[in-house]
Structure formats: C-alpha cells, structure tokens
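Residues take their numbers from the sequence shown, with the count starting at 1.
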Amino acid sequence: MDNTAAAEILETIAASALQMAGVLRGTAVDPVASPADCPSAPGPSAMCGDLARWQAELCLTVLSGTAGMEAMFAAVKVHAASGYDDAAQTIAGPITSPQEQTAQDMGIVAEVACALTVSERMGDALLGEAHRLTTALPLTLAALEAGTISWQHARIMIDETHNLDPAGAAALEAHFLDPDAPNPARGGPAGEMVPSRFRHKARTWRERHHPDSIEKRHTRSAADRRLEYSPDRDGMAWLSAYLPADQAAGIWDRATTAARALQGPTESRTLTQLRVDSAAAWLLGGQADLIPSPRAQVLVTVPVFALMGLTDEPAMLDGYGPIPPSMARSLVADGADSFHRVLTDPRDGASLEIGRDSYRIPKAMRQWLRLRDGKCPFPGCSNQSLDNEADHLLAWQQGGTTGISNLGQPCPKHHRLKHTTPWKPATASSSEPPGWISPTGRHYASEHPDWEPPIWPNQILNQLPHKEPGPALPESHLPADPDPEPERKWLRRLQEAEPAPFPSVPDFLWLTQQPGAGAAPPARDGAAAPVPCSNTG
C-alpha cells in the first residue's frame, strides 16, 4: 500500500468520525427520529421519553463501539511504530559500534515522539511496546486488532510478561486470552474486566508461576529505585518515590502516626494534610507546623509589582511554572543561597538580548538563555534549565557568533543527539528558542515561555500622564552593566516591619516615559536619577 492509499483511508475514517459526531450532536440538540427508529406514543410526554430512551441507547452503542475502535487504532499505531523502526534501521545500514547504535536509537525515538507530539519517554515506550507485541505476544496483538481488549489491557500484558522467558510469557498470555488453554482464566474474558482488576489477576498469576524466586527479582528491581517529580496546577506538584515495599510502608505508617499525634480540637488540618506536612518537614529539616522554604538553586522570575505586593500576578519558578507571588516573596525573604531574582520589565514582560563577540558565553547570557527557553528546547523535552548546556547553533569555527539568536541550551541527551545524528537545530531569535529538523527533513517547532505584560496597579496607572505604560525602550539606550539599586530598594521595602506607603512614582517609572513627553521623574532625597536596568540575576 502506498502513501496515497494510506492517506485516503485515514481521510475516510476521519470523515466517518466527523459524521458520527454530527449525528450525536444533532440528537442531543434537536433529535429527529423516524417511526422506525423511535416508536410512536400517544402524548407529547411519552414521545419525549421515547426520544430520550432512543438517544440513550444510541449513545451507549456508540460508546461501546468506539472502545473497540480505539483498540483497533492502537493496533494500527503499533504496526506503524514497528514498521518505522524497521525501515529506519534498514536505511541507517550496518552498525559498527555501540555508540552508533545508541545514537541511531536516539534519533528514531526522537522522530516518533515528534510525529506523535509526545515526550521522548513515551515515544521510546511505544517503540518498546510495539516491538514486544509484534515479536513476542501474538495473542495480545490479535485481541487488540479485533478490539476485544483495550490498549490498557495490552500494556498490562506487556508489563506483566516483562523479564519472563518466552515460555513463561506465552503461558501467561494463553491463560488469559486462549479459551482452549489447559487452565484458562475463570471469571470472563480479559477484555471485560476493568484494567486494574486485570492487572491484579495477571500479577498474581505471574508471581505464582515465575521461574525466578521473588528474592532474586526484588534484588534486581531495587536497583531501579528512584524519586520522581511532576509539576501540577495552582502552585502544587507531585513527588513520588519508587523504593522497596518495606521502606514505603514504614514511611507511610510513620507519617500517619505523626499526623494522628498532631490532631486535636484546635487543629484544623485534615489527616491527609497533616501526613504530607509531616513528610515535607522531615525532608526539609523543619517541623510539621513550620515547614521552611527550600534553599536550593532555583531561578524565579518575579514581576516587579508582584514582588512589591501591589498585584497578585504569578511568578515563574524554573522547572515548574507559575507560583503564587507570596511563595516568591517568601523565597526572597528567606534568602535562599542560590536564589536568582529576575525582575521582568513592567512594560511588556520581556528581557533584553545581550550580545558578545567572543566564543566564551558570559554568565549573564547563560541566564538569559534560561529565561528565553525555560527548559531544553527540544520538542517534548522537559529537562530543567539548570541541567542544560549552552551551545552554539552554528559552530563558532564555522562562522557562528556568540549571540542569543545563535545559542541554545539543550540538555546533555539532546546535545549528544545534535552531534551524533542528523538531527539539527533550526534558527533561533532573541525571544524564541530554536526548533529542530529531523533526519527525514521534518521541522518541529520548540516550545517557549509565554511572556505577558505585567498587570499595572490602578494607583500607579492613574499617576501616569498618558494613563498607559510606555513602549519598549530601544536597546541603544540601555547600559551594558545594569544598576541593581532599584531592586535593592524594593527588597528592603519588603523586609520592613511596617511596609512604607507606596511611592507616588516608583523608581522605574521613568522607563514608561513616552518619546517627547518630557524628562524622567526627578530623583528623591537628592539621589542621582536612576539608571536604566535590564534583568538581574
């Protein structure tokens, strides 16, 4: 089948899906049923009831049908991923070293991840699952193609047959998917069980029939112990640990005991809240009722008005995202040793490009790279800025310059990808990180932070002669070395026991002066007029 035929089939399926969605929308908004579809009724109320029952039956039929279609499409995805893997390996030719094999695998994973718009971790997992299904689990793949099990069931089968020899994997697969097996599973077909229950049954069978003892398997699995971190909404995040069961149970029991001990008539926190507060206090070296701020190397971008307490705009925590301004102010007040304060321009929220003519990338430029990109610029990669490496897009020896538009900060993995595979970064600018061009010639854009102009408090806007923030100041008007004095004044104001009244004209409002609107506001207390400043780190 050529590419044109495949595209036509996909278009036909897409058209059918749109037609089905239109039918469902039509019945939900203005149901129209023929006498054959909807039985007649003597009164209007009965007619409405018949239409509702007909619509309910239609929707349930579509739901059960789409579940099978999703399974069939998952099988199509498996075949496509496996086919691309085979084709890419063939195109690459013979492998002469382990390093070449690693580089080739990285390139294949990156292409699949970008084509599906998923992370490379998910792309790698899909390739591994596709290989496993097409080479070692024929019954599972056949059931997926027939739509009798879901993709979740298929992944559970892959997980539970992991590290089993071919005979053991075939026995587990046959137990649940072959009704003619010597000892088939009881309680109905695997596809009719909720995935979590199927996993429990499959894991129980695996533990009972595994050829290796659980002691040996536990020793191997303990080497994979790890701690994982995942940002979430509203200034929250998930922290999970994969560790031996006895340690996990002990930590849970200790946290629960400590939480119960803190409960009382004056304690408003729930047991769940007390449990996590106790665990956080242990990890950060505090008490459950007074958890200290972390003293780690972090980069937080704080809008100046939020730092002053005039607005509630979120700050940006590097490697996480938006955090409440109170959290950012707390980090400033606690004096985190490696905390870098970055005050965004109050006019447009943007920073300035810093140019140099030498190969060496200065510290200020590296920090601006972190601000521009926020993370590794490779599509789908979420590696934090602190772990990344500043890199010339066009090599210095090939005429590349040391400027923001010719710099990227790929993580170590994607830095190796650039130098060991045909993957190459595209061009960048002062405000956008570089995209990437794959070996097949496809261009994948890079994600970059969505800078937004800060919110100006009304008490400040009302004092501006033009009632609106001014335009961005030309770079030619900015000095090479920023004056940090305004920042120090804001920080001192935050640390005062009783905050002083808001100034009539903040130190930085001279930046908003419109061209031709007059000179900058005069300095107070005989001090010199403030000097234009860029972001500080």
**Student:** Heavy atoms only: give me the nearest A445-P379 pair and the separation to one decimal.
**Tutor:** O-CG, 3.6 Å

**Student:** In terms of side-chain geometry, is the basic nitrogen of E173 or R132 positioned less than 4.0 Å from the acidic oxygen of its partner?
**Tutor:** no

**Student:** Is the shortest side-chain heavy-atom distance between E70 and S150 below 4.5 Å?
**Tutor:** no

**Student:** V78 and A130: which non-hydrogen atoms are nearest, and at how many Å?
**Tutor:** O-CB, 3.5 Å

**Student:** Ignoring hydrogens and geometry beyond distance, is a side-chain donor-acceptor pair present between E111 and T440 at under 3.5 Å?
**Tutor:** yes

**Student:** Should T270 and Q273 count as side-chain neighbours, where that means a heavy-atom distance under 4.5 Å?
**Tutor:** yes

**Student:** So does D180 get a backbone contact from the side chain of D178, meaning a donor-acceptor N/O pair under 3.5 Å?
**Tutor:** yes

**Student:** Between R226 and Y242, is NZ or CZ placed under 6.0 angstrom from the six-membered ring centre and within 45° of the ring axis?
**Tutor:** yes

**Student:** Checking R275 against W252: charged group under 6.0 Å from the ring centre and within 45 degrees of the axis?
**Tutor:** yes

**Student:** What's the shortest heavy-atom distance between C411 and C381, and which atoms?
**Tutor:** SG-SG, 3.9 Å

**Student:** Can a donor-acceptor pair be found between the side chains of S221 and H218 at a distance below 3.5 Å?
**Tutor:** no

**Student:** Nearest 0.5 Å please: distance from the CH2 atom of W238 over to the OG atom of S230.
**Tutor:** 9.0 Å

**Student:** One pair to check against side-chain contact (heavy atoms from CB on, under 4.5 Å): M106 and K413. What are the steps and the verdict?
**Tutor:** CA-CA 9 Å; M106 287 175 58; K413 175 182 177 181; 3.8 Å; yes

**Student:** Return yes if some donor-acceptor pair links the side-chain N/O of S446 with the main-chain N/O of P377 below 3.5 Å, else return no.
**Tutor:** yes

**Student:** As a test of understanding, state which of D85, D124, T421 forms a side-chain contact (heavy atoms from CB on, under 4.5 Å) with I108.
**Tutor:** D85

**Student:** Looking at every non-hydrogen atom in both residues, tell me the closest pair between L262 and S278 and how far apart they are.
**Tutor:** CD1-OG, 3.9 Å

**Student:** Sequence neighbours left out, cut at 3.5 Å: what donor-acceptor pairs do the side chains of residues 192-201 make with other protein atoms?
**Tutor:**
| unit_1 | atom_1 | unit_2 | atom_2 | d |
| --- | --- | --- | --- | --- |
| R199 | NH1 | E160 | OE2 | 3.4 |
| R199 | NH2 | D159 | OD2 | 3.4 |

**Student:** Can the ring centres of F378 and W423 be said to be less than 6.0 Å apart?
**Tutor:** yes

**Student:** State, without any angle test, whether D105 and Q101 hold a side-chain donor-acceptor pair at a distance under 3.5 Å.
**Tutor:** yes

**Student:** Identify the two heavy atoms, one from A181 and one from A174, that lie closest to each other, and give their separation to 0.1 Å.
**Tutor:** CB-O, 3.6 Å

**Student:** Check for a donor-acceptor pair, side chain of H209 on one end and backbone N or O of W205 on the other, with a separation under 3.5 Å.
**Tutor:** yes

**Student:** What is the distance from atom CG of L126 to atom OH of Y84, rounded to the nearest 0.5 Å?
**Tutor:** 12.5 Å

**Student:** Without swapping roles, check the side chain of T66 against the backbone of M69 for a donor-acceptor pair under 3.5 Å.
**Tutor:** no

**Student:** Mind listing the closest non-hydrogen atom pair of D391 and P410 along with its distance?
**Tutor:** CB-CD, 3.9 Å

**Student:** Could you tell me whether the side chain of L393 reaches within less than 4.5 Å of the side chain of T427, counting heavy atoms only?
**Tutor:** no

**Student:** Between R206 and L172, is there a side-chain heavy-atom distance shorter than 4.5 Å?
**Tutor:** yes

**Student:** Do the side chains of K375 and E447 get nearer than 4.5 Å, heavy atoms only?
**Tutor:** yes

**Student:** With a 6.0 Å cut-off (strictly less than), is the heavy-atom count around CE of M20, excluding the residue itself, greater than 12?
**Tutor:** no

**Student:** With a 3.5 Å distance limit and no angle check, can you tell me whether K424 reaches the backbone of W436 through a side-chain donor-acceptor pair?
**Tutor:** no

**Student:** Drop me the distance from M72's CE to T148's OG1, to the nearest 0.5 angstrom.
**Tutor:** 8.5 Å

**Student:** Does the side chain of P211 reach to within under 4.5 Å of the side chain of L164, using non-hydrogen atoms?
**Tutor:** yes

**Student:** Tell me, do I149 and M157 make a side-chain contact under 4.5 Å, heavy atoms counted?
**Tutor:** no

**Student:** Is it true that, when you exclude E100 itself, more than 12 heavy atoms of the residues, nucleotides or ligands shown sit nearer than 6.0 Å to its CD?
**Tutor:** yes

**Student:** Test L239 against E228 for side-chain contact (heavy atoms from CB on, under 4.5 Å), laying out the working first.
**Tutor:** CA-CA 6 Å; L239 189 68; E228 295 185 349; over 6 Å; no

**Student:** Within this structure, what is the CD-CG distance for the pair Q263 and L274, rounded to the nearest 0.5 Å?
**Tutor:** 6.0 Å

**Student:** Evaluate the ring planes of H415 and H419, with Trp represented by its six-membered ring, and classify them as parallel (under 30°), tilted (30 to 60°) or perpendicular (over 60°).
**Tutor:** tilted

**Student:** Hey, is NE2 on H79 packed in by over 12 heavy atoms from elsewhere, all under 6.0 Å?
**Tutor:** yes

**Student:** My understanding is that only one of H153, E129, H131 makes a side-chain contact (heavy atoms from CB on, under 4.5 Å) with I158; could you say which?
**Tutor:** E129

**Student:** Can you measure from OG1 (T256) to CD1 (I251) and round to the nearest 0.5 angstrom?
**Tutor:** 11.5 Å

**Student:** Within a reach of under 6.0 Å around NZ of K77, are more than 12 heavy atoms found that belong to other residues, nucleotides or ligands?
**Tutor:** no

**Student:** To the nearest 0.5 angstrom, please state how far the NZ atom of K216 sits from the OG1 atom of T219.
**Tutor:** 10.0 Å

**Student:** Under 3.5 Å, is there a donor-acceptor pair between the side chain of D165 and the main chain of G168?
**Tutor:** yes

**Student:** Are side-chain heavy atoms of T161 and T140 found at a separation under 4.5 Å?
**Tutor:** no

